[in-house]
Asks: 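Got a structure for you, written out below as structure tokens; questions coming shortly.
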Amino acid sequence: MLSRSSFTSLVVGVFAVYVAHTCWVMYGIVYTRPCPAAADGAAGGCVWPYLARRPKLQLSVYTTTRSSIGAESNIDLVLNVEDFDIESKFERTVNVSVPKKTRNNGTLYAFVFLHHAGILPWHDGKQVHIVSPLTTYMIPKPEEINLLTGESATQQIEAEKQPNAVDEPVSHWRSRLTLNVMVEDFVFDGSSLPADVHRYMKMVQLGKTVHYLPILFIDQLSNRVKDLMVINRSTTELPLTVSYDKISLGKLRFWIHMQDAVYSLQQFGFSEKDADEVKGIFVDTNLYFLALTFFVAAFHLLFDFLAFKNDISFWKKKRSMIGMSTKAVLWRCFSTVVIFLFLLDEQTSLLVLIPAGVGAVIELWKVKKALKMTIRWHGLRPKFQFGAYNDSEKKTEEYDAQAMKYLSYLLYPLCIGGAGYSLLNVKYKSWYSWLINSFVNGVYAFGFLFMLPQLFVNYKMKSVAHLPWKAFTYKAFNTFIDDIFAFIITMPTSHRLACFRDDVVFLVYLYQRWLYPVDKSRVNEYGESYEEKLKKKKLIE
């Protein structure tokens, strides 16, 4: 069986291989090998860019309720850009007529054509086009009301706007359409075309050489939930912002892979809102900062795993609560569960929700260990039994109770006052939503105060040797990484501020570790001391 140190080394080694492999894959995406024959001027086996001929182009955007068209019937022209310059960036807003079928929860498609100027798209054999739905289906956000007065956040009657049930997905309008054209005069090797770009390429034979027509791309990552608009039956026109920018081959390939990744998440059950959080990481972040984020995120996963492993290992061996604040363990469990329920109620991204749920389960298990609780089942009825504390543990409990007594004078009035204020001035979806928000606001605003009992116990015992310092160290690293993610991943503001609050707590614990150095001759809760373990190790060797 592997020792704990060997297992940790194995995990770190696998992590290093994973990071190296990821860097190699990313390099392969960004860098594309050009056709070697192109350097010698030979045409054999090379695929040349049609844009190198500098053709006069025109951009046309049509809308229709059908996913495919064969002629110009039943389609509407919404944008026409003559003398289209692929190097010039632009953004235009147009009004789009919404057909009755779309207003009745139907779909509307945008057909984007890039063709020769002065020729209709379906008469141009060298045109390229791409299709994108302008609608998507989402469950509308529940209406928020003042729980005491019943006043709605909006004065418009929701039943008139949308007769569907709240939990039924309804059609939403995508108000942005972002277009790109790959502008590099890149010569591909016909024998090794990248699979990601190949599906966007259209080839034509011109003389003895093969050319690829302009690569037209729709940036689906720019379609954000915040830009969506509910389509109701009274809507006849909706605004559509069409923006265009050129794109390099490396960025195009990277963007294709990211879009495919988001699509895969949706196939695995991620909702539109969950996928939107991932999109925000790519769209709202500078590419260089994004690369740093990927690197940091990998370390976050590693530290998360090591923190969980060491925390579980520490509590699994824990037989005594000497020096450990039971109140702090109970509060940490309560706050973790409340935060998880709050994030669930706010429909937060699964990127935040899943780790919070795993943390809540672990904290519940810690409470069972801290209270020395055993559960015996009599049929379907559980029976709880609690173990007894020894004299040293009772002394710790006295310090713990003393700290909580002083803390309650400050904490309870603040939490009750905050809950009352929010009830009078803030609108909520339900009484449950208000209750969870009140609890979580107390946790986020004053939760760090409940960590004070452990600091008080440390102060009274003049020791920090009883704390799980390995797990604390990994969590400290993750806390500082969370500070970075607080600005990248969308989350409630209170959850974002809590990340910075944890920084202060870890700094206080570090100060106590410096103030109360570990006495290596002191016997721990397992009946061993560091010096005795060292002597045994030397005798074995």
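Everything numeric here is computed off the predicted structure, so don't read it as measured data.
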Asks: Can you tell me how far apart CG (L249) and OG1 (T32) are? Round to the nearest 0.5 Å.
Replies: 4.0 Å

Asks: Has D189 got a side-chain atom pairing as donor or acceptor with P34's backbone, closer than 3.5 angstrom?
Replies: no

Asks: Could you walk me through whether L134 and L240 satisfy the side chain to side chain contact (heavy atoms under 4.5 Å, CB included) test, starting with their C-alpha distance in whole Å, then the side-chain angles of each, then the deciding distance to 0.1 Å, before giving a yes or no?
Replies: CA-CA 9 Å; L134 294 177; L240 177 66; 4.1 Å; yes

Asks: Could you measure the distance from the CG atom of N95 to the OG1 atom of T236? Nearest 0.5 Å is fine.
Replies: 9.5 Å

Asks: Can you confirm if the aromatic rings of Y212 and F188 lie within a centre distance of less than 6.0 Å?
Replies: yes

Asks: Checking T235 side chain against I231 main chain: does a donor-acceptor pair fall under 3.5 Å?
Replies: no

Asks: Does the side chain of D196 reach to within under 4.5 Å of the side chain of H257, using non-hydrogen atoms?
Replies: yes

Asks: Are F186 and W48 close enough that their ring centres sit under 6.0 Å apart?
Replies: no

Asks: Between Y244 and F90, is the ring centroid distance below 6.0 Å?
Replies: yes

Asks: Charged N to carboxylate O under 4.0 angstrom, K202 versus D124?
Replies: no

Asks: Please report the C-alpha distance between R224 and D219 in whole Å, then the side-chain angles of each, then the deciding distance to 0.1 Å, and finally whether the salt bridge (charged side-chain N to carboxylate O under 4.0 Å, His left out) criterion is met.
Replies: CA-CA 11 Å; R224 304 297 307 280; D219 183 4; over 6 Å; no

Asks: Does K251 pair with D245 as a salt bridge, N-O distance under 4.0 Å?
Replies: no

Asks: Do M203 and V47 have side chains that approach each other closer than 4.5 Å (heavy atoms only, starting at C-beta)?
Replies: yes

Asks: With distance as the sole criterion, is a donor-acceptor pair present between the side chains of T241 and E91 under 3.5 Å?
Replies: no

Asks: Could you tell me whether the side chain of E237 and the main chain of P239 form a donor-acceptor pair under 3.5 Å?
Replies: no

Asks: Are any of the side-chain heavy atoms of V128 and Y200 separated by less than 4.5 Å?
Replies: no

Asks: Just by distance, do the side chain of R103 and the backbone of V98 share a donor-acceptor pair under 3.5 Å?
Replies: yes

Asks: Decide yes or no for Y50 and K126: does some side-chain heavy atom of the first lie under 4.5 Å from some side-chain heavy atom of the second?
Replies: yes

Asks: Does the pair I215 and V197 meet the rule for a side chain to side chain contact (heavy atoms under 4.5 Å, CB included), with working shown?
Replies: CA-CA 8 Å; I215 299 177; V197 181; 3.7 Å; yes

Asks: Checking H115 against S60: is there a side-chain donor and acceptor pair closer than 3.5 Å?
Replies: yes

Asks: For T65 and P99, work out which heavy atoms get closest and say how close.
Replies: CG2-CG, 3.8 Å

Asks: Please report the C-alpha distance between L77 and V61 in whole Å, then the side-chain angles of each, then the deciding distance to 0.1 Å, and finally whether the side chain to side chain contact (heavy atoms under 4.5 Å, CB included) criterion is met.
Replies: CA-CA 6 Å; L77 178 65; V61 181; 5.9 Å; no

Asks: Applying ring-ring contact (aromatic ring centres under 6.0 Å, His included), run through F111 and W122 and close with a yes or a no.
Replies: CA-CA 12 Å; F111 280 76; W122 29 86; 9.6 Å; no

Asks: When you compare the side chain of L221 with that of Q259, does any pair of heavy atoms fall below 4.5 Å?
Replies: yes

Asks: Measuring from atom OG1 of T178 to atom CG of N223, what distance do you get when rounded to the nearest 0.5 angstrom?
Replies: 6.5 Å

Asks: Any side-chain heavy atom of Y109 sitting closer than 4.5 Å to one from T135?
Replies: no

Asks: Which heavy atom in Q127 sits nearest to a heavy atom in P121, and how many Å separate them?
Replies: CG-O, 3.1 Å

Asks: So which atom in S171 and which in N105 form the shortest heavy-atom distance, rounded to 0.1 Å?
Replies: N-OD1, 3.0 Å

Asks: Donor-acceptor pair, Q58 side chain versus L114 backbone, under 3.5 Å?
Replies: no

Asks: Grab the two heavy atoms, one from T107 and one from P133, that are nearest each other, plus how far apart they are.
Replies: CG2-CB, 4.4 Å

Asks: Testing the basics here: between R176 and S243, what is the closest heavy-atom pair and its distance to 0.1 Å?
Replies: NH2-OG, 3.8 Å

Asks: State the CG-CD1 distance between L216 and I247, to the nearest 0.5 angstrom.
Replies: 11.0 Å

Asks: Could you please spell out the steps behind the side chain to side chain contact (heavy atoms under 4.5 Å, CB included) verdict for M229 and L238?
Replies: CA-CA 9 Å; M229 303 167 63; L238 285 170; 3.9 Å; yes

Asks: Are the side chain of R253 and the backbone of I29 linked by a donor-acceptor contact shorter than 3.5 Å?
Replies: yes

Asks: Heavy-atom count around Y137 OH within 6.0 Å, excluding the residue itself: above 12?
Replies: yes

Asks: Show every salt bridge (Lys or Arg N to Asp or Glu O under 4.0 Å) that has at least one partner inside residues 74-83, sequence neighbours left out.
Replies: K56-D83

Asks: Are E184 and S248 close enough that some pair of their side-chain heavy atoms sits under 4.5 Å apart?
Replies: yes

Asks: Taking atom NE2 of H211 and atom CG of L51, what is their separation to the nearest 0.5 Å?
Replies: 10.5 Å

Asks: Side chains of V112 and L177, heavy atoms from C-beta outward: is any pair under 4.5 Å?
Replies: yes

Asks: When rounded to the nearest 0.5 angstrom, what is the spacing between CG in L59 and CG in L179?
Replies: 6.0 Å

